[in-house]
Each structure stands twice: as C-alpha cells, then as structure tokens.
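The block underneath contains the structure these notes are about, expressed in structure tokens.
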There are 2 protein chains.
Amino acid sequence: MDHTLLILGLLKLEEMHGYQLGDLIDKRLKYLTDLKKPTLYHLLAKLEAAGQVTKSVSREGNRPERYTYRLTKTGEAQFKELLRQNLQAAHAAYFNDDIGLLFLSEIPAAEARGYLEQKRAGVDARITEIAAATARHDAGSPAYYTLRHHELHLETERAWLAELIAHMKKRAARQNIIACLAEADTPKRKK
Amino acid sequence: MDHTLLILGLLKLEEMHGYQLGDLIDKRLKYLTDLKKPTLYHLLAKLEAAGQVTKSVSREGNRPERYTYRLTKTGEAQFKELLRQNLQAAHAAYFNDDIGLLFLSEIPAAEARGYLEQKRAGVDARITEIAAATARHDAGSPAYYTLRHHELHLETERAWLAELIAHMKKRAARQNIIACLAEADTPKRKK
DNA sequence: GGGCGCATGTAATGAGTTACATGATTGA
DNA sequence: TCAATCATGTAACTCATTACATGCGCCC
C-alpha cells in the first residue's frame, strides 16, 4: 500500500494537521486503505525527517495543540514521482478469500455452503453501504471513481460467490487439490 | 494475508519439504499470494515451535537434505479453525491503484491518460496469461475456482479502466478533491 | 459526572522483504 | 564451464499494528 503517496497527495491538496488527515482517511477514504492513526503519525514523522513536509504548531481556543503539515518542494517532487509510478503500474491484487476457497473441499459441503452464504451476506451488506456512499458523490469526481471501483469489484465478488454456491449444489466432489495443481503443469521432463 | 492457513492446508493435503512448498506457491498459486521463500521458512519454523507441524530429515541421492513437514493433531485443529474463520468473513480488499487514481487530476490530463493506457495494457497482459492458466484446469476443481476468481476481477478492472479513460476524454475538469470528499458528509453541525 | 471527540504520540511486537551465504547437481 | 535448479536458511531492515498513555472540552 502506497501510504506515502496518499499522505503527500492529501497534503498537497490542502495543508492539514495529523488528526484531520487521520479522520479523512478513516471516514471518507475507508475503501482505499485502513491506515491506522499511530501508523499515520509515524509516517508523518518520517516524512518530516526526510524534509518532505514541514510542521507548524497552532492552537484553536483551548483545544490541544495541532501540528499542521505542509508539503515542501522536495515533497512535491516526491509526490509527482510516486504518482507517476503508481499510475503506470498494474498492481497485482490478492484476495484473502481465495486461500480459504482453495480448501473448500476439506470441510463437509453443507457446512461450507453455510459459510459461503454468510460471506455472501457480508458482501451484500457492503454493497448496500457503498452504493449509498457512491450516490452521495458527483459522478466524475475523483472520490466517485474510487467508490465506483470498489462497487464494481464487490459486484464481481457477489456474482462469483453466486456461481460458486450454485456449482456446489450440483456436485460436492472432494478432489485432490495437489494433483489438480500439478496436472496442469506444462510437461517438462518425461511425459 | 492468511499465510498460516495456506501452509497448514497444503501440508494437510500432502506432506512436503520446504522447497517443494515454496515452489508450489511460487509457480502454481501465484495468483493467491506472493509469499517469499525466506518468509515461508520462517513461518515453518514458527509452526514447528508451536507444535503444529513436525519435521523429518530425508535425503535423495546426493542432493541437499530435505526437511519434510507433516501436520500434527493440533496443527489440524488449527487448520480447521482458521479455515472456518476465513470462509465466513467477507474480507475487505484494497487496491493500490485507487490511491493514484484519487490524484489523477494533479497531473496533465493527456499525460494521465497515457499512464492509464499503460495500466490497461498491463491488465490485458495479465488477462491473457490467466485465461491460459484457467483453460488448463478442470472447471470445478479448487484451483480452477481461484483462477476464475482472479479472471473475473481482472475483467472488472479492465472494464473500469475503459470507463475511466472514456470519461477522461470527455471532461478533463480539475476538481477540488478535498471539497468533494467533505461535501458528501452527512451534515453534523450548522448547515 | 461520564463518555465521546479532539489531539498527539510511545513502546513493544509482529509480519514480511531484501540481501546475503552456502554448496551440490544438472543441462546447454 | 557457466548458468540454472535444488535446498536451506540468517541478519538486517522496513512497515504496520496493538496496546498504552495523556489530558482537555463538550454534550447529555
């Protein structure tokens, strides 16, 4: 996860203090990443040490002091560089769900199906939530695009789960996973 | 990433030595995770210390010694537990791509479009690769399902990139990202 | 007066990567 | 003979999380 790019980018758009930044990420960018507060503060300290941001103290009324962060020239250059790298690359995405699915045949089919139904319910709940969030944004805004992206992937997930569950109802064959994996290899030594 | 589940599961299916396990993950499960060899050895050592696997030395001809790992009773129980947890939960997936996309309007539209075309080419290449791999597996095998899953998500990615690129051609408005994010908030204080 | 929100961190720990180290065999 | 494959790791490092610590203000 390119958290540095995220922080530099947000600070480039607007100078902010740490808590504000953390709040923005927690509440409105939660589909992007789930960066935790201590991690954020840690990263900010590192960026400051690297001379990519500067901080200035301020205080509003009797509230705790705030350290407002602002991009420096080198920070801006670094942002541009990271952004270019990020935009060009097609990052591989891995799904934790897949690992469990590989071993689906290791538990009784009925039980497995129950779990998958639960998983599907979870995905459905997320879709409802994100659809509401998407509706609140203008089509075409940057935030809209990230939300839409997630919505599409969640819908893919739902469709795939439906396909899988349907398939499981038909045949509950317990297969030899290792053999299946090996079998598909391109023959290298003796046939 | 639930690497422990993956290792326990593979060892449950078949006892293996470390290198063999690493090879399987590198070559045939590369769409699941990209666990590195040293991490694998590290995890195996930890699992052994925890009493979830046992290892036995063996040697074949003059090749280096191998340590073959086998699940213990507690290892098997742990596997079942982790598998249940994994199957029930709908894990959130985060996409590194999204972070860059949030700042798309920070670089000239033409340049950005160029990068996105590159990204799309990368996705296309992956789709070709994975489609070939999928074709080599029996529909309905566990490996087939994980591959199919990735294929679907990659196709979603491609469709989304196409949508985005098309949209960029129409309007290249540079918007205030922070304002967009805030605006969509449910009003809390004064309207 | 009690809990939540604001605001900032530290310390300990864990998870994973990179670079390095070793040494034998096999195939081009 | 040179590179790749087999086989196992260690050491140093980065990145991120969890749990902990502090203290004030605001609202119910």
Side-chain angles (χ1 to χ4, degrees), chain A residues 1-8 15-28 30 32-50 52-53 55-69 82 91-92 94 96 99 185-190, chain B residues 1-8 15-28 30 32-50 53 55-69 82 91-92 94 96 99 185-186 188-190:
Chain A
M1 269 298 159
D2 225 335
H3 291 139
T4 302
L5 172 60
L6 179 62
I7 294 172
L8 291 176
E15 59 177 58
M16 275 185 269
H17 60 271
Y19 192 82
Q20 198 180 350
L21 203 46
D23 230 47
L24 190 65
I25 293 170
D26 273 6
K27 298 207 177 120
R28 300 205 238 302
K30 66 177 162 185
L32 274 193
T33 182
D34 77 334
L35 184 70
K36 302 293 191 284
K37 288 251 161 65
T39 310
L40 171 63
Y41 284 116
H42 181 67
L43 284 171
L44 283 171
K46 270 183 57 180
L47 287 174
E48 198 201 351
Q52 300 185 351
V53 299
K55 80 175 169 189
S56 59
V57 194
S58 72
R59 152 166 277 166
E60 208 167 282
N62 248 346
R63 303 212 141 274
E65 286 188 325
R66 304 163 158 182
Y67 296 93
T68 301
Y69 292 90
L82 289 176
H91 303 93
Y94 298 104
N96 212 356
I99 295 181
D185 202 10
T186 42
K188 238 179 186 173
R189 35 206 80 213
K190 75 209 155 208
Chain B
M1 269 297 159
D2 224 335
H3 291 140
T4 302
L5 173 60
L6 180 62
I7 295 172
L8 290 177
E15 59 177 59
M16 276 184 269
H17 60 273
Y19 191 82
Q20 198 178 351
L21 203 46
D23 230 46
L24 190 64
I25 293 170
D26 274 7
K27 298 207 178 123
R28 300 205 238 303
K30 66 176 161 188
L32 274 194
T33 183
D34 77 333
L35 185 70
K36 302 291 191 284
K37 288 254 161 64
T39 310
L40 172 64
Y41 284 116
H42 182 67
L43 284 171
L44 282 171
K46 269 184 58 180
L47 287 174
E48 199 201 349
V53 299
K55 80 176 169 188
S56 60
V57 195
S58 72
R59 154 166 275 166
E60 209 167 279
N62 250 347
R63 305 214 137 272
E65 285 187 327
R66 307 162 156 182
Y67 296 92
T68 302
Y69 292 89
L82 290 176
H91 302 92
Y94 298 104
N96 213 357
I99 295 182
D185 202 11
T186 42
K188 236 178 186 172
R189 38 206 78 212
K190 75 213 155 205

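Residue numbering restarts at 1 for every chain, and letters A, B, ... go by the order of the sequence lines.
- In this structure, the side chain of A:Asp2 does not engage the main chain of B:Asn96 through any donor-acceptor pair within 3.5 Å.
- At a threshold of 4.0 angstrom between heavy atoms, the contacts of A:Tyr94 with the nucleic acid are absent.
- For the pair A:Tyr19 and C:dC6, the criterion of a side-chain N or O lying under 4.0 Å from OP1 or OP2 is met.
- Residue B:Tyr69 contributes atom OH, which lies 9 Å from atom C1' of D:dT8 at whole-angstrom precision.
- For B:Thr39 and B:His3, the side-chain atoms include no donor-acceptor pair closer than 3.5 Å.
- As a whole-Å value, the separation of B:Asn96 CG from D:dC15 P is 13 Å.
- At a threshold of 4.5 Å between non-hydrogen side-chain atoms, the residues B:Met1 and B:Leu6 do not count as touching.
- The distance between atom CG of A:Leu47 and atom P of D:dT14, rounded to the nearest whole Å, is 15 Å.
- In this structure, B:Leu21 places its CG atom 15 Å from C1' of D:dC6, rounding to the nearest Å.
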Assign a letter to each nucleotide of nucleotides 16-26 of chain D from its 5' end: B, base within under 4.0 Å of a protein heavy atom; S, sugar-phosphate only; -, no contact.
SBBB---B-SS
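- Between the C1' atom of C:dG5 and the CG atom of A:Asp26 lies a distance of 13 Å, rounded to the nearest Å.
- Among the protein residues, A:Gln20 comes within range of no part of the nucleic acid, since none of its heavy atoms lies under 4.0 Å from any strand.
- Residues B:Ile25 and B:Leu32 fail the side-chain proximity criterion, which asks for heavy atoms closer than 4.5 Å.
- One interatomic measurement links the two molecules: NE2 of B:His17 to C1' of D:dC6, which rounds to 8 Å at whole-angstrom precision.
- Between B:Ile7 and B:Val53, the closest side-chain pair of non-hydrogen atoms is not below 4.5 Å.
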Report the C-alpha distance between B:Leu43 and B:Leu35 in whole Å, list the side-chain angles of each, state the deciding distance to 0.1 Å, and finish with yes or no for side chain to side chain contact (heavy atoms under 4.5 Å, CB included).
CA-CA 10 Å; B:Leu43 284 171; B:Leu35 185 70; 4.2 Å; yes
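- Here C:dT22 presents its P atom at 17 Å from OH of B:Tyr41, a figure rounded to the nearest Å.
- Between the CD atom in B:Glu48 and the NZ atom in B:Lys46 there is a gap of 13.5 Å [rounded to 0.5 Å].
- Between A:Lys46 and D:dC15 there is a side-chain N or O to OP1 or OP2 distance below 4.0 Å.
- Look at OH on A:Tyr67: it is 13 Å from P on C:dA7, rounded to the nearest Å.
- Considering only the side chain of B:Arg66, D:dA7 comes nearest among C:dG9, D:dA7, D:dG9.
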